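Computed from heavy atoms alone, side chains included, the values below leave out hydrogens, waters and symmetry copies. We count ligands from 1, going down the list as the structure has it; atoms in each ligand are counted the same way. Bear in mind the structure is a predicted one, so any value in this text is a computation, not a measurement.
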Amino acid sequence: MKIAQVVIDRPVRGLDRAWSYDIPEGLQLTPGTRVEVPLGTGKAVGIVVAISDTNPTQIELKSISATLDPYPVLTPEMIDLAHWMAERYVCFLPQALRAMIPSAVRRGIKAKVIWHYQTVGERSGRSSLKQTLWEWIREHPQTTDEEMQQAFPKHRPLLRALVAEGSVLATQDVKAKKLRTNPSPYHLNTDQLAAITAIGDLPGQEWLLEGVTGSGKTEVYLAVLQHVLQRGGQALILVPEIALTPQTWERFSGRFPDSTYVWHSNLTDGERVQLWQAVQTDEPLVVIAARSGVFLPFQKLQLIVIDEEQETSYKQEDHPRYHAREVAVRRAATFGATLIFGSATPSLETAWKARQGHIGWIKLPSRVMQRSLPEMRVVDMRQELEMGNRGMFSKVLIDAISLALEREQQVLLFLNRRGFSTFVLCRSCGQALGCPHCAVTLTYHSDHDHLRCHYCDFAMPMPTHCPMCHSDKIRYFGAGTERVVTEVQRLWPRARIVRADRDSLTSRDSYYQLYRTFVQGQADVLVGTQMIAKGMDFPRVTVVGIVAADLGLHFPDFRSGERTFQLLVQSGGRAGRGADPGQVVVQTYNPEHYAITHAVTQDVDAFVRQELEMRQELGYPPFGSLWLLELSGTDDQAVRQTAQQLGEQLVLRLAENAAEVLGPSAAPLLKIRNHYRYHILIRTSSEELPVNRILLDMQSDYPELSITADPYFML
Ligand code: ADP
Ligand code: ZN
Ligand code: ZN
């Protein structure tokens, strides 16, 4: 008797585990195959995650009804990965599987891929239908499902049985790709060559490639990749945001025209399934992907690159709250693949591993072609105010922009806030207009002339009178990107301006459009949020203005210093990437904050040293582990009580594990979408596994509880 462990593909609480089913006599089944099983009075689709010889339960089991794939959709490596994810990120196995497998694959959508069948060896059987089909296939080598369908309308179960017993081989028709490469147009410099040699000499090693902005890291990836492809291997290049993809994709596909794939959210279901299957062959290829690409079921993975590895977009916010960097580390280790973390401003976690010697550390300390790093100038906005400048641009920045525009160079202006104003206030009664569903103020958007909540998307027309006291003294305060555009227009009426933020860029095509427009010189000034601060390479930009450097500094989050530092250095890195030197103007009210002073001198080492010291003192990552527990509900009082009760229980249960329980306390954003939110933080310096198990166990008692291991969003 064989028993299959099946995870049901339905997001229903209570089904959140694997179920045992009997495997009918004669059915060949491997883990990773989709099956149909009886469930209640109906049927459901599930994935086999394990097969055993004994029935772990006392009750009689139902049988699997049918298999849905001629081959498994998941490799054993990925089933292991799902188990690990469930534990590491405190979620249930079905949740992990659901995150890993695209819904198109789970739903069994057909790829554009065509399967070809041929017979293997000899097969003798009674004159059964199965035998007849086998003989027909032998006479029609490389036949397809479609052809078979014509001759044998009900061939599928028979064919599946033939494939399972090994007498028929199924192969894919992913366009036979030859490895074609275009050589690098550059003479790589000594630092680049040294990096390539070091990485090539120790395959399977983890590396931090710490290269200042514009130091030519991508050329290093491309050279390492070329080796991998020539050896017949597969590679994954992770990029943080879709905004970076057009340019990255162009560089990779330009170099490897027949072997580059992209994995992004605009793929059709069929394309998704096709790529899912392509990486399961042993075709040499490279996939450029955002976060979820880390789950592609590669067969011959030899290289993973995580570009801009410090980016928080690698952390998934919804269940399972995985970090692509950690998943990549695990997968690279299983495959013995080389792993490269690329960054000018590494995360503290990676910087620490490199400094401890746990991973290799390679530096590219200078820009290519002896280009200098941009000159960084700090402007103390308090002094501007004292000097009577109430505008959003300092004198220094205005002069720099004027000069650049005169010389027909380009300007980037960063402000990490969308909309026109950040809040709208009545000057008579002093009330700020807030969202009725969230504990936040509404943002004015000039292009729609309305107020909008950035947390729940509630929108209302801009009122002419205060809703509270009916006064007409309503004024805008705080500036967002839309207001920066208006101001640039006012000061430089002839400048051609484009805006890049989440409101103006809604699709992958609009990113590409924007990138093209700017690169081809059809615009002079690009105003944007941090979304454009990284990666993009605009050679004609000579001035970068950071309108409010301290915006992120005062977030109640231990990573706020790190993020500010990274953002400033990255933004600065956009200047002077061409032949003309660049200049960066950093406007701030906190010029003496260490994140700002070290960013201005672009001293990563000094920043990392100071930040690590602080983290060690406070027991924050990388020196300890954190979990954020959030309870939420519509009844403030009830949620608070539950949180209190949970907190007390946690203290008892975690006592042995030297774990600290902080809180409960009201979340910094107490109310979102009419839900009141309370937080508990758990901190430990020891092994995380026992804590994960305890939390997973407790989760079942608290339906409103959401747990984040290693949280990145603490609001
Ligand atoms: P990074 O990713 O480190 O910021 P890139 O790889 O984007 O840097 O390189 C910056 C620019 O310099 C790109 O336009 C790239 O094509 C170019 N480049 C890279 N290596 C060289 C080289 N050895 N000589 C000349 N230009 C180079
Ligand atoms: Zn009022
Ligand atoms: Zn809201």
Side-chain angles (χ1 to χ4, degrees), residues 182-196 209-225 237 239-240 244 247-248 250-252 254-255 305-309 340-346 362-371 373-374 424-443 451-460 463-475 519 533-541 569-579 582 669-675 677:
N182 295 331
S184 164
Y186 306 112
H187 284 290
L188 298 183
N189 60 39
T190 33
D191 289 334
Q192 286 172 316
L193 289 172
I196 294 161
L209 179 62
E210 188 179 320
V212 298
T213 54
S215 57
K217 292 186 286 294
T218 311
E219 286 300 322
V220 174
Y221 307 153
L222 287 164
V224 175
L225 174 60
I237 314 291
V239 293
L244 304 179
Q247 199 171 22
T248 313
E250 276 186 354
R251 285 176 76 179
F252 282 83
R255 197 67 61 82
V305 171
I306 309 186
D307 194 29
E308 306 291 357
E309 66 83 32
I340 305 175
F341 300 114
S343 179
T345 52
I362 301 173
K363 287 192 179 184
L364 300 180
S366 42
R367 285 188 160 180
V368 297
M369 311 285 286
Q370 281 94 45
R371 278 171 205 150
L373 281 168
V424 174
L425 190 92
C426 167
R427 288 216 183 155
S428 296
C429 71
Q431 288 277 3
L433 270 56
C435 173
H437 311 294
C438 310
V440 297
T441 54
L442 294 168
T443 302
L451 293 168
R452 198 157 79 226
C453 172
H454 282 185
Y455 288 88
C456 73
D457 260 344
F458 165 85
M460 64 183 259
T464 50
H465 292 81
C466 169
M468 271 68 73
C469 75
H470 306 293
S471 145
D472 61 357
K473 297 214 163 28
I474 301 186
R475 294 289 179 271
V519 138
K534 313 130 203 162
M536 284 213 189
D537 192 0
F538 299 123
R540 290 178 50 210
V541 169
V569 175
Q570 294 288 344
S571 317
R574 298 309 106 205
R577 292 172 72 92
L669 291 174
L670 174 62
K671 188 173 87 167
I672 292 182
R673 292 192 164 89
N674 295 320
H675 281 66
R677 307 155 69 244

task: Flag Gly211 as yes when one of its N or O atoms lies below 3.5 Å from any N or O atom of ligand 1, and as no otherwise.
output: no
Nearest heavy-atom neighbours spanning Ala439 and Leu669: O-CD2, 4.2 Å
message: If the condition is side-chain contact (heavy atoms from CB on, under 4.5 Å), which residues does Thr218 pass it with, not counting sequence neighbours?
response: Tyr221, Leu222, Arg251, Phe252
message: Using side-chain heavy atoms (C-beta onward) and a distance below 4.5 Å, is Ser428 in contact with Cys466?
response: no
- request: Only heavy atoms count here, so choose which of Lys217, Gln192, Arg251 is nearest to atom 15 (C) of ligand 1.
  value: Arg251
Closest approach of Lys217 to Val212 (non-hydrogen atoms, all atoms of both residues): NZ-O, 3.5 Å
- prompt: What closest approach, in Å, do Pro467 and Leu433 show between heavy atoms, and which atom pair accounts for it?
  reply: CD-CD1, 4.1 Å
- prompt: Tally of protein N/O/S atoms under 2.8 Å from the Zn ion (ligand 2)?
  reply: 4
message: Is there a polar contact between ligand 1 and Thr213, counting only N or O atoms under 3.5 Å apart?
response: no
task: Give the minimum heavy-atom separation between Cys426 and Cys429, together with the two atoms involved.
output: SG-N, 3.4 Å
message: Between Glu219 and Arg255, does the side chain to side chain contact (heavy atoms under 4.5 Å, CB included) criterion hold? Intermediate values first, please.
response: CA-CA 10 Å; Glu219 286 300 322; Arg255 197 67 61 82; 3.1 Å; yes
- line: atom 24 (N) of ligand 1: of Tyr186, Tyr221, Phe538, the nearest heavy atom sits on Tyr186
query: Hey, are the side chains of Leu451 and Pro463 touching, using non-hydrogen atoms and a 4.5 Å cut-off?
result: yes
statement: Between Leu209 and Ala195 the two heavy atoms that sit nearest each other are CD1-CB, 4.2 Å
statement: Residues Cys453 and Val440: closest non-hydrogen pair is SG-CG2, 3.9 Å
message: Evaluate Val368 for polar contact with ligand 1, using N/O atom pairs at a separation under 3.5 Å.
response: no
- prompt: Looking at ligand 1, does any of its N/O atoms fall within less than 3.5 Å of an N/O of His187?
  reply: yes
- request: For Asp191, check side-chain contact (heavy atoms from CB on, under 4.5 Å) against everything at least two apart and list the hits.
  value: Asn189, Leu364, Pro365, Ser366
- request: Identify which protein N/O/S atoms are less than 2.8 Å from the Zn ion (ligand 3).
  value: Cys435 SG, Cys438 SG, Cys453 SG, Cys456 SG
query: Can Arg475 and Leu425 be said to form a side chain to side chain contact (heavy atoms under 4.5 Å, CB included), step by step?
result: CA-CA 6 Å; Arg475 294 289 179 271; Leu425 190 92; 5.8 Å; no
